[in-house]
Amino acid sequence: MINLNQKKDFSSFIQDTIDLFKDKGKTFFINYFKISGILLVVLLGFNQIISTSTLEYMNQLNSGYFQENDIFTPVNILSILVVMVLSIILTIITFLYPVYFLDSYAKNHTLVDTAQDYKKIIRKNASRTFVFFLLTSVVFFPLVCILAFLFGLLSIILIGIPLLILLFPVATTFIFLAFYDYTLTKNNYFSSWSVAFKMLKNNFIAIVGNACVIMLLLSIAASIPMLLVQGFTFSSILQGLDNTEIPPMSTTTQIWFFLSVVVSTFVSYCCYCIFLINQGIVFFSEQERRDNNEISELINSIGK
């Protein structure tokens, strides 16, 4: 049994993430796909429409015949809009579900909440989550871009290289700690950023080191199936090459192309969920470190 309300170090962040998925991973992903499964299937369907149009466009370029109207059709434009809307909805679900899953686990280790319970909670908090990321895209992302530019300039004298490497995990962890506080405590937007900053400052090396390791592991895990599928895709294209022209996309190639989209979509959302769980473990640990709840509970238990 994992105690989320306990101060942890670098190794505990990673080990508890692994142990949590060993213990509750099946329940976690079953509920997740019950909530988002239909939306994912619809998203993949519209992605297939866009992918098919893209392949047809590539075939037209290969054959030397191309008309602009063949790709900018009402169906394609509508598909792109639907994909954008569904991506936003799925992103909100993917960010909110791990937060409330961990919150439920922290309160009672039996996880009595069902997929329907999580759906109600997500619907209730979706608009607030959308506001958080809308404000973040306006306030925080430009700051990150400015820092990336400055660190890039400093790379000329080598100082900026480690700063550039650390910028992404630091910024990502900063965002998710603020998001957890914003979602669970109902603090206002800037108060949550203040809390996240204090958490990050108090245990910087362990938190950022954990983020770097988890990001690396998830990137490797996500890239393996994608590389395999894309390898088959490109090999089927290259098999028909001759010295004069590139042949049209075969049915087999189109199937592999679609599979790459399917694999990419499912793996990406699963990796986001895993990373959110890991960041939640960090949040609860740092919240414990800040509030010192562990000692208070010990004193109360002695008093009883």
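When reading the values below, keep in mind they use all heavy atoms of this one structure, side chains included, and skip hydrogens, waters and symmetry mates.
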Kindly indicate whether the side chain of [X], heavy atoms from C-beta on, has any atom under 4.5 Å from the side chain of [Y].
X      : Y      : answer
Phe133 : Ile92  : no
Phe174 : Val144 : no
Val208 : Thr173 : no
Val195 : Thr185 : no
Val99  : Leu184 : yes

Return the minimal non-hydrogen interatomic distance between [X] and [Y], and the atom names on each side.
X      : Y      : value
Phe28  : Ile277 : CE1-CD1, 3.7 Å
Leu40  : Leu90  : CD2-CD1, 3.9 Å
Leu96  : Ile122 : CD1-O, 3.8 Å
Asp181 : Ser192 : OD2-OG, 3.0 Å
Leu163 : Ile159 : CG-O, 3.6 Å
Leu276 : Thr94  : CG-O, 4.2 Å

(request) Please report the C-alpha distance between Thr114 and Lys34 in whole Å, then the side-chain angles of each, then the deciding distance to 0.1 Å, and finally whether the side-chain contact (heavy atoms from CB on, under 4.5 Å) criterion is met. (result) CA-CA 10 Å; Thr114 64; Lys34 282 183 179 179; over 6 Å; no
[atom1] of [X] to [atom2] of [Y]: how many Å apart, nearest 0.5 Å?
X      : Y      : atom1 : atom2 : value
Met84  : Leu43  : CE    : CG    : 12.5 Å
Asp16  : Phe284 : CG    : CZ    : 13.0 Å
Gln6   : Leu4   : CD    : CG    : 9.5 Å
Leu166 : Phe151 : CG    : CZ    : 9.0 Å
Ile35  : Gln116 : CD1   : CD    : 8.5 Å
Thr172 : Leu177 : OG1   : CG    : 11.0 Å

Are the aromatic rings of [X] and [Y] close, with centres under 6.0 Å apart?
X      : Y      : result
Tyr32  : Tyr118 : no
Phe95  : Phe176 : yes
Phe179 : Phe283 : no
Phe140 : Trp193 : yes

If you count heavy atoms of other groups shown closer than 6.0 angstrom to [atom1] of [X], is the number above 12?
X      : atom1 : result
Phe197 : CZ    : no
Phe168 : CZ    : no
Ile205 : CD1   : no
Tyr189 : OH    : yes
Ile38  : CD1   : no
Lys186 : NZ    : yes

(request) Evaluate the criterion side-chain contact (heavy atoms from CB on, under 4.5 Å) for residue pair Phe10 and Ile207; output intermediate values, then yes/no. (result) CA-CA 7 Å; Phe10 166 77; Ile207 293 174; over 6 Å; no
In one Ile/Leu/Val/Met/Phe/Trp/Tyr side-chain cluster, 4.5 Å: [X], [Y]:
X      : Y      : result
Leu153 : Ile161 : no
Leu134 : Ile88  : yes
Phe21  : Ile30  : no
Val138 : Ile146 : no
Val139 : Phe149 : no

(request) Show your working on side-chain contact (heavy atoms from CB on, under 4.5 Å) between Ile93 and Leu39 and close with a plain yes or no. (result) CA-CA 10 Å; Ile93 293 172; Leu39 293 175; 3.7 Å; yes
Is there a donor in the side chain of [X] and an acceptor in the side chain of [Y], or the other way round, less than 3.5 Å apart?
X      : Y      : answer
Asp103 : Tyr180 : no
Tyr269 : Thr91  : no
Thr129 : Tyr182 : no

(request) Spell out, as yes or no, whether a donor-acceptor pair under 3.5 Å connects the side chain of Ser87 to the backbone of Val83. (result) yes
(request) With side-chain hydrogen bond (donor to acceptor under 3.5 Å, both in side chains) as the test, would you mind laying out the steps for Asn125 and Tyr100 before giving the verdict? (result) CA-CA 11 Å; Asn125 294 276; Tyr100 287 108; 3.2 Å; yes
Side-chain polar contacts of residues 210-222 - donor-acceptor pairs under 3.5 angstrom, sequence neighbours left out - could you list them?
unit_1 : atom_1 : unit_2 : atom_2 : d
Asn210 : OD1    : Asn278 : ND2    : 3.0
Asn210 : ND2    : Asn278 : OD1    : 2.8
Ser219 : OG     : Met215 : O      : 2.7

(message) Listing request: all salt bridge (Lys or Arg N to Asp or Glu O under 4.0 Å) pairs with a residue in residues 268-286, at least two apart in sequence or in separate chains.
(response)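 Residue pairs with at least one partner in residues 268-286: Glu286-Arg289.
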(request) Given side-chain contact (heavy atoms from CB on, under 4.5 Å), test Lys198 with Arg290 step by step and report yes or no. (result) CA-CA 9 Å; Lys198 292 176 182 177; Arg290 182 193 64 184; 5.9 Å; no
(request) Evaluate the ring planes of Phe266 and Phe33, with Trp represented by its six-membered ring, and classify them as parallel (under 30°), tilted (30 to 60°) or perpendicular (over 60°). (result)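 Ring orientation, 0 to 90° scale: tilted.
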